[in-house]
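Have a look at the structure below before the remarks.
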Protein chains: 2
Amino acid sequence: MKTTKYILGAVCAAATLGTISSCKPKSADTAIGGDAAAKTYVAPGKYDEFYNFVSGGFSGQLSVYGIPSGRLLRVIPVFSMDPEKGWGFSEETKPMLNTSHGSVPWDDLHHVQLSKTNGENDGRWVFVNGNNTPRLARIDLKTFRTAEILELPNSGGNHSSPFITENTEYVVAGTRFSVPMDESDGDVPINTYKKNFKGTLSFVSVNQKDGNMDIAFQIETPGVNFDLSRAGKGPSHGWFFFSCYNTEQANTLLEVNASKNDKDFIMAVNWKKAEEYLKAGKGKKVKVRYAHNKYSEESHTSVSELKNEVIVLNSKELKDLCYFIPCPKSPHGIDVDPTGEYMVSSGKLAALIPVFSFSKMIKAIENKSFEGAYNGIPVIKYEAALYGEVQKPGLGPLHTEFDGRGNAITTMFVSSEIVKWNIKDLKVIDRQPTFYSPGHLMVPGGDSKKPDGKYVISYNKITKDRFLPTGPELAQSAQLFDISGDKMQLILDFPTIGEPHYAQAIRADKVKEQSLKTFKLEANKHPYVSKGEAQTKVVREGNKVHVYMTAIRSHLTPDNIEGVKLGDQVYFHLTNLEQDWDVPHGFAVKGANNGELLVMPGETQTLKWVPDRVGIFPIYCTDFCSALHQEMSGYVRVSGAASKVALVGNTGTNLPAE
Amino acid sequence: MKTTKYILGAVCAAATLGTISSCKPKSADTAIGGDAAAKTYVAPGKYDEFYNFVSGGFSGQLSVYGIPSGRLLRVIPVFSMDPEKGWGFSEETKPMLNTSHGSVPWDDLHHVQLSKTNGENDGRWVFVNGNNTPRLARIDLKTFRTAEILELPNSGGNHSSPFITENTEYVVAGTRFSVPMDESDGDVPINTYKKNFKGTLSFVSVNQKDGNMDIAFQIETPGVNFDLSRAGKGPSHGWFFFSCYNTEQANTLLEVNASKNDKDFIMAVNWKKAEEYLKAGKGKKVKVRYAHNKYSEESHTSVSELKNEVIVLNSKELKDLCYFIPCPKSPHGIDVDPTGEYMVSSGKLAALIPVFSFSKMIKAIENKSFEGAYNGIPVIKYEAALYGEVQKPGLGPLHTEFDGRGNAITTMFVSSEIVKWNIKDLKVIDRQPTFYSPGHLMVPGGDSKKPDGKYVISYNKITKDRFLPTGPELAQSAQLFDISGDKMQLILDFPTIGEPHYAQAIRADKVKEQSLKTFKLEANKHPYVSKGEAQTKVVREGNKVHVYMTAIRSHLTPDNIEGVKLGDQVYFHLTNLEQDWDVPHGFAVKGANNGELLVMPGETQTLKWVPDRVGIFPIYCTDFCSALHQEMSGYVRVSGAASKVALVGNTGTNLPAE
């Protein structure tokens, strides 16, 4: 697998693909125009044009950037504990991280999908995937908070996800690593992969009213690795496409053993057909275990429900459900153009981009233009589904987005560039170096029916010398290009949180007006809410002490608590009584083996604290809220286990005896 | 405590200070010049001028921004668990979060100090404070990692910290909330504050060779709240100044009860005198418990040591050690000018800025110009130490930095502005609105002997409508002003991580050349290192399974592991064999109740995993490292507790039997 010097834009020093993590582009900043500063500058007090939702990769979180400024507006905690926001620390959010394996405090978030209506981004929700412990999450764009997390059974990793259909009917999830099905005896030798390991594709329905997800059905497939996926749209609505690698079904040293076949596959799934089979009772109920976690904005609490059954359709037994299309060596991305007719794939180890035609594929199926079957599933002849190939686009094509003007733009991981080509004639129009290896790229709405083709952003894996160094660990980065003209113009580099995989962007006006400013205190249905200081109290239930507490500028009620004993578990239920915009209060206790609370106006949150010693423990507001914020503090007295000190809490009345 | 409309730059709507969280400046972006875009734009591939180290506040971490671009280069985990970097999750980093209360996964990081030599930033280390569970941390600027965390006993919160002396002789820490001393019976009524609660000032020595910290001594003080502090410099070297509020010694509703006295205090501490007392054996050894945690770059591991003694000097008994200077109502900042002669304070509830003179203070002490004593400590007459007052500077003065050209710049929290004034004549020169309430501000080197007076940054508490909204929780922000001319010119708003309190900045060339690129594999002294694939192995010790594992593009060794049993604890000791710049590898196991590993070239890290069920568990590299990264994966087989499957691990040899 030797690579020669690649002459279009980049020179690769390393000798084998496996060790190439970046090729240094020859020219540095040639494409940066003199007007770049003006194009990316968003003056103080002015707003960015787009919200850019960027996956955090191994951070497990979702970042929100403004475009074109590249400013980080917010990190939304999703799959990982976040001490800053109390996510996974407060009693209310702990259930959100529950799985069938117990609490899992981290995940690897790869892909982002804005909800769609008629194939266009609608600004209701963002869906994201957990790659390690297979999960899906939904973020509500009114609150910019994670509203739901759904675990996926029968899966060994959820990479080709959470891609959605054109009206958000389904969010999908395909197994990255095939594994024995959950109800089988999983204790099998790893080298029995071909016999015992299976893939699944999960179709998760979305309730259009509240966004709630449910596993509608799974499709059992041969054991391969599903990589990326995209729904059809327009004429291809009703179909879903998944890229597959490791069709060699290797179980070890995949670097070599999963790179042997000259062609792997795109799997085309007719999900309308799947719905028919489901209705006809062709699904099989199988025993599984998975967690389904929902957060309620009404009660400000979450619930984790453990479920134990899914319906599985068998791709081998049920005709016309799944087809394979051969695709050059180890495909990564599979992207459907705005018209829904073209499916652009890429063999990451091939030096061409295959473009498939949906209408040709349908004809091929009708004509049974098959070259055989793979594990019982028909394989369509490559030429029968192929529209054409983009020749010599660059090295290591990965992902493609669309500009809405008939062009596609593809990232080249190995030759470190983005390449623009025309969908009709498949000719390369422009190429620009990236710094360095680009993974995904993103045009706002670039996977929708109506791309907003003003910008493309390349999300790069390796930055080396692009920013001031920060020790051995460097930020990964995004590069913003203006694509409004014929040539793509690099205008900004900005570093990113975690590892940016996929991202999506939406015009700001589709989201900002609906953004919630405060929670209504009167509507707060938290079981431990205090809707005013008069409702605060300290209650003992065995060794549990419940402190019904309020925060308002600039005191906590109660702020002097006595009668807590060693061995107690103390629950501080803090309600933020404010109803003004942007007046959160925080809460912390000295020495707690826990995070903080960060409570928004009108909200209630709970911190559990188990005192470790007798003494006086300060408590205070951790979010600078007013001119008297430093005074917003108090004390808890902890006495010995046998103490007779009465349980009491108050503010302003516990004055010195003297 | 009524406030009237304030006419200089801002109008405050709220009627009482306690509820004021921001005043809307009258003019919006009047000060933004047409050249602002060019002044803040850092073209792709170009470097920022300054590293800006910004406290994360309630995130517990330290952010690194580039100035003037405002780009976030890195978040350094310090006091809080960070799933992204495995901080607090890996076996190597868990000890770093240990305290005498056990593991504390969060803190509230307020202030930042670059190490100094001859009163100038030298780029060796950054010190930061933990405000909630009193701690200090030191970050090494070769690696941009937390190298040391030191807990502080006899403290109820560490706010006035980690300010340092002009050659980094000491880092200090003063109690924010006074509490009973650790060796006393802490189980006392809260309203016995005046009798039982004490303050302490900790002087922590810094080893100039390796930066290691140690508590040299503590000074026991009357029970008050220490807020901020600064060391003297030049003529005032040998002294330290602390602002004190709650000299009323209130224990409840401090909003009212700690705002009664017309004047609170600045405490002046003669630490050279303290050293003399220490040498003379005047300190008292007292029993305490605190953790001292150190990370070794050599072994890539950390150790937490529990210590149990400190030496305490008594401020009441030891003459000439401490003095109080009266300061208008509830002072917040105390800042020493570049010459070391002027100490600028601010009563946050006063509408003036008092400037004290060090030479007058010394004279007042010599002349015993005292107005009496407070809890046994002499109180210098206000006028005897006062250089003068800045009249009508704005409302709610908090903090001051210096431009090195004879001017001071002060933040006004309530009137939402920064105000520039001349140190000699105390006249206001310029004022600019901020958006909105500014806490700290920062001039690069602005607390040193040689400020780099090109920029000032205001770190603001409330942003409301300044950025695209992100639900009820909004980012806090920084505002960058060009101060090279007569008028301060606002040129950039950028959002920040957590809550920005204090920050410091240093010219990039003082740090970037020494930044480490990789750890040397040959120098790796981790007890479980594998310095090549030949050294990998899987070893059982009772129910502990140690996997000596390596990562190199693009495979893990071993990648097929069998013989793990239910009830086992599996330790994956992963060594990254790469020696190239910017090629980290990550590592994760499906379903682990743990974070990931993110391992830099040449480093070893350990993930502990307790399997929860029988079956096949995928493992993979979580950091996109090469064109064949997706293939960098493997499987672990978990069998039943009574299984006889042999323990084995390999890569590429466990091929199918067929």
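Convention: sequence-line order gives letters A, B, ...; per-chain numbering from 1. Note that the coordinates shown come from a computational prediction; the quantities given were computed from them, not determined experimentally.
Taking CG of Asn251(A) as the start and CG of Asp559(B) as the end, the distance is 8.0 Å to the nearest 0.5 Å. Here CD1 of Ile190(B) is found 4.0 Å from CG of Asn560(A). Values are rounded to the nearest 0.5 Å. The OG atom of Ser437(B) sits 9.0 Å away from the CZ atom of Phe624(A) when rounded to the nearest 0.5 Å. The CD atom of Glu499(A) sits 10.0 Å away from the CD atom of Glu84(B) when rounded to the nearest 0.5 Å. Annotation: the span from Asn594(A) atom CG to Trp106(B) atom CH2 amounts to 10.0 Å, rounded to 0.5 Å. Taken to the nearest 0.5 Å, the CG atom of Leu474(B) stands 10.0 Å off from the CG atom of Leu73(A).
Contact check for Arg176(A) versus Gln630(B): side-chain heavy atoms found under the 4.5 Å cut-off. With a 4.5 Å cut-off on side-chain heavy atoms, Val179(B) and Pro618(A) count as touching. Arg71(A) is not listed as a side-chain neighbour of Arg71(B), based on a closest heavy-atom distance of 4.5 Å or more. Side-chain contact between Tyr245(A) and Glu631(B) is present, with at least one heavy-atom pair separated by less than 4.5 Å. Taking the side chain as every heavy atom from C-beta outward, Asn131(B) and Tyr620(A) approach each other to under 4.5 Å. Within the 4.5 Å cutoff, the side chain of Leu628(A) has heavy atoms near those of the Leu349(B) side chain. Using a 4.5 Å heavy-atom threshold, the side chains of Pro189(B) and Arg637(A) count as touching. In this structure, Thr470(A) and Ser515(B) have side chains that are not in contact, with every pair of non-hydrogen atoms separated by 4.5 Å or more.
The contact between Asp623(B) and chain A is made by backbone and side chain atoms together, counting heavy-atom distances below 4.5 Å. Using a 4.5 Å cut-off between heavy atoms, Thr99(A) does not touch chain B at all. With a 4.5 Å cut-off on non-hydrogen atoms, Asp493(B) touches chain A through its backbone and its side chain both. Within the 4.5 angstrom heavy-atom criterion, no atom of Pro584(A) approaches chain B. Contact of Ala588(A) with chain B is made through backbone and side chain together, with heavy-atom distances under 4.5 Å. For Met632(B), no part lies near chain A; criterion is any non-hydrogen pair under 4.5 Å. Heavy atoms closer than 4.5 Å to chain B are found in both the backbone and the side chain of Lys590(A). When heavy atoms are compared at a cutoff of 4.5 Å, Ile76(A) does not approach chain B at all. Within the 4.5 angstrom heavy-atom criterion, atoms from both the backbone and the side chain of Ser100(B) approach chain A. Using a 4.5 Å cut-off between heavy atoms, Thr463(B) contacts chain A through both its backbone and its side chain. Of the two parts of Thr192(B), neither the backbone nor the side chain holds a non-hydrogen atom closer than 4.5 Å to a non-hydrogen atom of chain A. Contact of Lys512(A) with chain B is made through backbone and side chain together, with heavy-atom distances under 4.5 Å. Contact annotation for Val589(A): only backbone heavy atoms (N, CA, C, O) come within less than 4.5 Å of a heavy atom of chain B.
Among Pro105(B), Gly615(B), Gly60(B), the residue with the largest count of heavy-atom pairs under 4.5 Å with chain A is Pro105(B). In terms of non-hydrogen atom pairs under 4.5 Å with chain B, the most contact-rich of Val188(A), Asp82(A), Val75(A) is Val188(A). Interface check for chain B: of the options Asp108(A), Val638(A), Val511(A), the most heavy-atom pairs under 4.5 Å are formed by Asp108(A). Interface summary for chain B: among Asp227(A), Asp182(A), Asn257(A), the most heavy-atom pairs under 4.5 angstrom belong to Asp227(A). Taking Gly157(A), Ala592(A), Gly602(A) one by one and counting their heavy-atom pairs under 4.5 Å with chain B, the maximum is reached by Ala592(A). The candidate from Pro134(B), Ser80(B), Gly156(B) with the greatest count of non-hydrogen atom pairs under 4.5 Å with chain A is Gly156(B). Ranked by heavy-atom pairs under 4.5 Å with chain B, the list Ser59(A), Gly396(A), Gly57(A) is led by Ser59(A).
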task: Show the numbers, then the answer: is there a salt bridge (charged side-chain N to carboxylate O under 4.0 Å, His left out) between Lys517(A) and Glu473(B)?
output: CA-CA 8 Å; Lys517(A) 288 186 177 174; Glu473(B) 191 183 336; over 6 Å; no
message: Set out, in order, the CA-CA distance, both residues' side-chain angles and the distance that settles side chain to side chain contact (heavy atoms under 4.5 Å, CB included) for Trp581(A) and Ile462(B), then state yes or no.
response: CA-CA 10 Å; Trp581(A) 191 21; Ile462(B) 287 146; over 6 Å; no
task: Apply the test ring pair (Phe, Tyr, Trp, His ring centres under 6.0 Å) to residues Phe197(B) and Tyr635(A): give CA-CA distance (whole Å), side-chain angles for both, the deciding distance (0.1 Å), then the verdict.
output: CA-CA 12 Å; Phe197(B) 289 35; Tyr635(A) 290 105; 5.3 Å; yes
message: The test is side chain to side chain contact (heavy atoms under 4.5 Å, CB included); show your working for His101(B) and Arg613(A) and say whether it passes.
response: CA-CA 8 Å; His101(B) 301 276; Arg613(A) 65 184 69 172; 3.4 Å; yes
task: Would you please test Tyr47(B) and Arg466(A) for side chain to side chain contact (heavy atoms under 4.5 Å, CB included) and show each step?
output: CA-CA 8 Å; Tyr47(B) 289 165; Arg466(A) 294 297 283 182; over 6 Å; no
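Here the closest heavy-atom approach between residue Asn191(B) and residue Glu562(A) is recorded as N-OE2, 4.5 Å. In this structure, Tyr41(B) and Ala36(A) approach most closely via the heavy-atom pair OH-CB, 3.2 Å. Of all heavy-atom pairs spanning Phe58(A) and Leu598(B), the tightest one is CE1-CD2, 3.7 Å. Pro469(B) and Tyr51(A) make their closest contact through O-OH, 2.6 Å (heavy atoms, listed as atom of the first residue, atom of the second, distance). Across all their heavy atoms, Leu253(B) and Gly652(A) have their closest contact at CB-CA, 3.8 Å. Taking all atoms of both residues into account, the shortest heavy-atom contact from Ser633(A) to Leu254(B) is OG-CD2, 3.9 Å.
A side-chain donor-acceptor contact under 3.5 Å links Asp187(A) and Ser639(B). Checking Asn593(A) against Ser103(B) by side-chain atom types alone, no donor-acceptor pair falls below 3.5 Å.
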